[in-house]
> 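Before I ask anything, here is the structure I am working with.
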Amino acid sequence: MARIKGNIKILSTVCLMAVASAGVGHAQDKPFEGVTLNLASMNDQFSTVLVEMAPEFKEATGAEVKVDILDYGSLLTKTTADFVGNTGGYDLITMDIVWAGQYAQNDFTVDLKDLIERDKAELGTDDIYPKLMDALGNYEGKQVAYPFAGYANVLAYRKDLFEAAGLDVPKTMEELVDAAYKLTDPSKNQYGFVANGQKGPAVAQDWMQYNAEMGGSILDEDGKPALNSEANVKSLEVYRDLFKKAAPPGAADYDWGGREESFRQGIAATMQTWSVGAPGYFNPEISKVVDTVGLALAPRGEGLPELYGIGGWGLAINADINDKQKEAAWAFIKWITSPDVHKAFNMKGAGSYIRKSVVADPELNAKYPFLPLLDTAFEKGDGDYRPRIPEYPEIQDILGTAVNSVLVGDEEPKAALDKAQDAAVKVF
Amino acid sequence: MSRQIALDAARRGFLFFMLAFFLLPFIWLATTAYKPSIDIFSIPPRFGFTPTLDQFRKALSVFDVPSLVRSSIFIAGGSMVLSLLLGVPAGYALARSSHRLAMALAYFFMSIRMVPAVAALIPFYLMMRDIGLVGHWFSVVLINCVLNTAFVTYMMYSYFRALPKELEEAALTDGCHQFSAFWRVSLPAVRSGIVASALFCVLFSWNDFLFAMFLTQLDSKPISVALLSAYGTKDITWGTLGALAHFSTIPIVLIVLFLNRYFVQGLTKGVH
Amino acid sequence: MALSASTEPLVNQFAGFGGLTFAQRRKMFLIAMALPALVYVLGFGVYPLLKGIWYSLYDYNLLKPARTEFIGFGNYVELMFDSDMQRSLINTIVFTASAVFFELVLGFAIALALWRDDRFNRICLTLILIPVTITPLVVGLIFKGLLLADYGLIGYYLAQWGLSDPRGLFASQNTALATLVFIDIWEWTPLVALILLAGLKALPTDILEAAAVDGAKPLRIFRKITLPLMLPSVLLALTIRTIDAFRVFDSVFVTTGGGPGNATNTLMVYAVKEGLSFFNIGKASAIANVSLLCTAIIAAALIFLIRHYDKKASTQ
């Protein structure tokens, strides 16, 4: 009996090998031989690393991963069309955390709860920051994506300028605003502060961060829009004055690229930013502030609870693909987020952290000494300062116009936010 | 005579100025491909840099450039051929018909050319899904061709109308078959119009971003779409953009050069 | 008229089959020539478009399918009172009119300069066409990079020498739209030059030569002969560019996002935002249809012009 079984096994192996066109063999260890996974990836730092590491996954499982690197707009448009049209073009999708509400509402992606439960032992979810597990894919009980690339708001600052002015690294927003004014000297082309001013998502997202740090909030306790609250108007006034007096003049039209470049060029003394860009400031190939840059936790308004803005990307599985593809896609998620692979992923500069063990890894810490900041930020993370609700895109757009109008001097903060509030109420 | 020379010099001077105007911004982008990233911007801006091919290496390692260029050529070539096949006869027919409806139809075609793409994009996407073409480059050809055919029809309509009818009528009275009168007499006479239409189709499809972004997948993605993925939200990798712009521009310049020859030839051999 | 009257009986002798007259066969032949294009455009163009018009009568958002509801002209009524929409419409009209005007003038000058067929001109034409070959989004990025006020190659000096707002051309209410017009001119003038050059090359050279031999001044030849003969080409270029400028999206999208405030918001930026970011298909279709209506009006005006000159030409 055993012999027959063995023979059948050999026979089936031979068959499988014959079927697998490449005939690479090891059919049993490569459960997904012949499977191709299309991954729609945001063109953040991790995207090129995904391309680089895809062959290793093929080596391990047989499945080929094709990474389609897309800009933010194309990613959103194409994947949504794919979901809505049920075309199943992409198997895996990187999901911005603010899309979670829409994904959950429409069941675009596989709810991963059952799979996580099934493979609990293998996943080691205890090692993943709970805040990230929640923010990067959980929405009202549905796990629409698996955490994959966690970012934190951090403060990048110029050590040399702070030292020369005899200032301490700001811990509160009040100190940051104060320092920004003190470190501004247009005659030396030196500015204390820089942030996005360009109309649209750029200015909306940066302001929402500052707003949260100054104690403002986009929604009220009942989850309804409260754009023109007193705290929000006040924080927008501060923000506008910073742009007027302490930011490089061109900042009114900066988006992320413009803002980052201006800091790397050395004209801004402080900049709040996503941690994923931080390695860039220390990279002499692109940065002119390599020796003088410092990183700190994002400041917080005096007396406010200690919270740090977090964001980033989850990895989601398209609900429209067949079960075999889903299994393979799930295998890829498990693989890329497993401790060893995730460490290697970050050693190559992906800047995408989710695991406590990876953030604490000595080798990575030697390479990226700012990792302890991420540990604190992830432990006390706030993933909802940009509300992850289905109406988020509209809210962001409304704010994008309102805040930009204030920055360029078209409107007063109060009037602009009142108007925005009226528009926002209509969306709900 | 000296007046002629002065005029010629002025003409050349003007053209050199125009060349500079149209090329310098592009050259700036192209040179970013040879600069180390650190040299792309500086304060104050300067021109000098240490040439390097790193940006090309990076771009080629991340993007499957041959596949991107191939898709672009398929899309541009395919929609050019299809649009000419459909549009040139239609333009001829409308120009030659004396029916009242003919002119109305010509304007109908022109108005199709104006349709804002967004209005039709999603219905078209669902249509392509139903015939199983989403993700195939041919779906981009199909939608590009709607606009291109409309344009070619209208453009050829005006070219054929400018052509004296007598030429053909003479051929027809000689007992020439209708199609060969079209093929042998009218068509060669509007060669410049055809080449201009072809150029226009190629340029339009080569540049198209919205349709291609919406309808293609990784394997069928043209270079116009890939170019934009260098424009990140967190950062703009100007060097990659510059390197990719080479692969997007060189083939089309070659195509334009090639068509240009016929453009000029067709014109000098014209009927006038 | 006299010609066709005399030739028709003649060709009728050749009427080959089915006893069809030449006129009938001619008609069938012309229909057969036009039909494929017509069917194609109806099937792949008009059909999705009608669907789009149908959608515009709904409150229809792909991300909120449960909310779908027929609202008749609700989307249009909403747009009528929408200040964003009004501003977008005005911006689009100003943008289109100024861009097309400068493109025609400059394009004509270039076409004239390139008229003579020599090697230099052929190379020149090819090189000048390069801007047209670049994806419009990338064109926007090039100028964004060049015009950055703090470190862009051109923007830096403009700001330093006080030639632009210190915040840069894109961040000032007064210059943002004009800068976008400039970008459009950069990108599309070569195409206008190409269309006009095709027209110039098709001119009956004998008439021009005869006029020159008669001793007419070049400027007079240009005004009295070249320009009238060029009208069809000019109108073609005008039509094409008006239509496309009216749909401007890409360069705006990457440089200003429609800002500062709403200073550079255009109809297409608005429609694409509603359609492809919010997937608010009903409203996006309505905006697109308003834009379609505007282009139709413009086109009708242009067609009126074309026919007017056609008549004039045929009576001359």
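To find a chain, count down the sequence lines: A is the first, B the second, and so on, and within it residues start at 1. Keep in mind that this is a model prediction, so the values were computed, not measured.
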> Is it the backbone or the side chain of A:S287 that comes under 4.5 Å from a heavy atom of chain B, or both, or neither?
backbone
> By the definition ring pair (Phe, Tyr, Trp, His ring centres under 6.0 Å), identify the one residue from A:Y392, A:W313, A:F108 that meets it with A:W99.
A:W313
> Given heavy-atom pairs under 4.5 angstrom as the criterion, report whether the side chain, backbone, both or neither of A:E285 touches chain B.
backbone
> Please set out all donor-acceptor pairs under 3.5 angstrom arising from side-chain atoms of residues 65-78 of chain B, sequence neighbours excluded.
from	atom 1	to	atom 2	distance (Å)
B:S71	OG	B:S67	O	3.1
B:S71	OG	B:S220	O	3.4
B:S72	OG	B:L68	O	3.4
B:S72	OG	B:I223	N	3.0

> Determine whether the aromatic ring centres of B:F56 and B:Y34 lie less than 6.0 Å apart.
yes
> Between the side chains of A:D44 and A:Y151, does any donor sit under 3.5 Å from an acceptor?
yes
> When you compare the side chains of A:S41 and A:S47, does any donor N or O come within less than 3.5 Å of an acceptor on the partner?
no
> Let me know if B:T216 has heavy atoms under 4.5 Å from chain A in its side chain, its backbone, both or neither.
both
> Can you tell me which portion of A:D82 sits under 4.5 Å from chain B's heavy atoms? Options are side chain, backbone, both or neither.
both
> Tell me, for B:K58 versus chain A, whether the close heavy atoms (under 4.5 Å) come from the side chain, the backbone, both or neither.
neither
> Need one label for B:Y125: side chain, backbone, both or neither, based on atoms under 4.5 Å from any heavy atom in chain A.
side chain
> Would you tell me whether A:Q205 and A:Q209 have side-chain atoms, one donor and one acceptor, within less than 3.5 Å of each other?
no
> Is chain A contacted by the side chain of B:S61, its backbone, both, or neither, given a heavy-atom distance below 4.5 Å?
backbone
> Pick one of side chain, backbone, both or neither for A:L75, based on which atoms fall under 4.5 Å of a heavy atom in chain B.
neither
> Looking at B:D219 and A:K66, is any side-chain nitrogen of the basic one under 4.0 Å from a carboxylate oxygen of the acidic one?
yes
> Are there residues of residues 80-89 of chain B whose heavy atoms fall under 4.5 Å of chain A's heavy atoms? If so, which?
none
> Can you tell which of A:N189, A:V67, A:N86, A:V51 has the highest number of heavy-atom pairs within less than 4.5 Å of chain B?
A:V67
> Assess the side chains of B:D208 and B:S224: does a donor N or O sit below 3.5 Å from an acceptor N or O?
no
> So does A:D206 pair up with A:R259, basic N to acidic O under 4.0 Å?
yes
> Against chain B, label A:P201 side chain, backbone, both or neither, depending on which of its atoms sit under 4.5 Å from a heavy atom there.
neither
> Just one of A:F57, A:F148, A:Y353 clears the ring pair (Phe, Tyr, Trp, His ring centres under 6.0 Å) bar with A:F345, so which one?
A:F148
> Apply the side chain to side chain contact (heavy atoms under 4.5 Å, CB included) test between A:L315 and each candidate in A:I93, A:L92, A:L136; give the one that qualifies.
A:L92
> Side chain, backbone, both or neither: which part of B:L126 has a heavy atom under 4.5 Å from chain A?
side chain
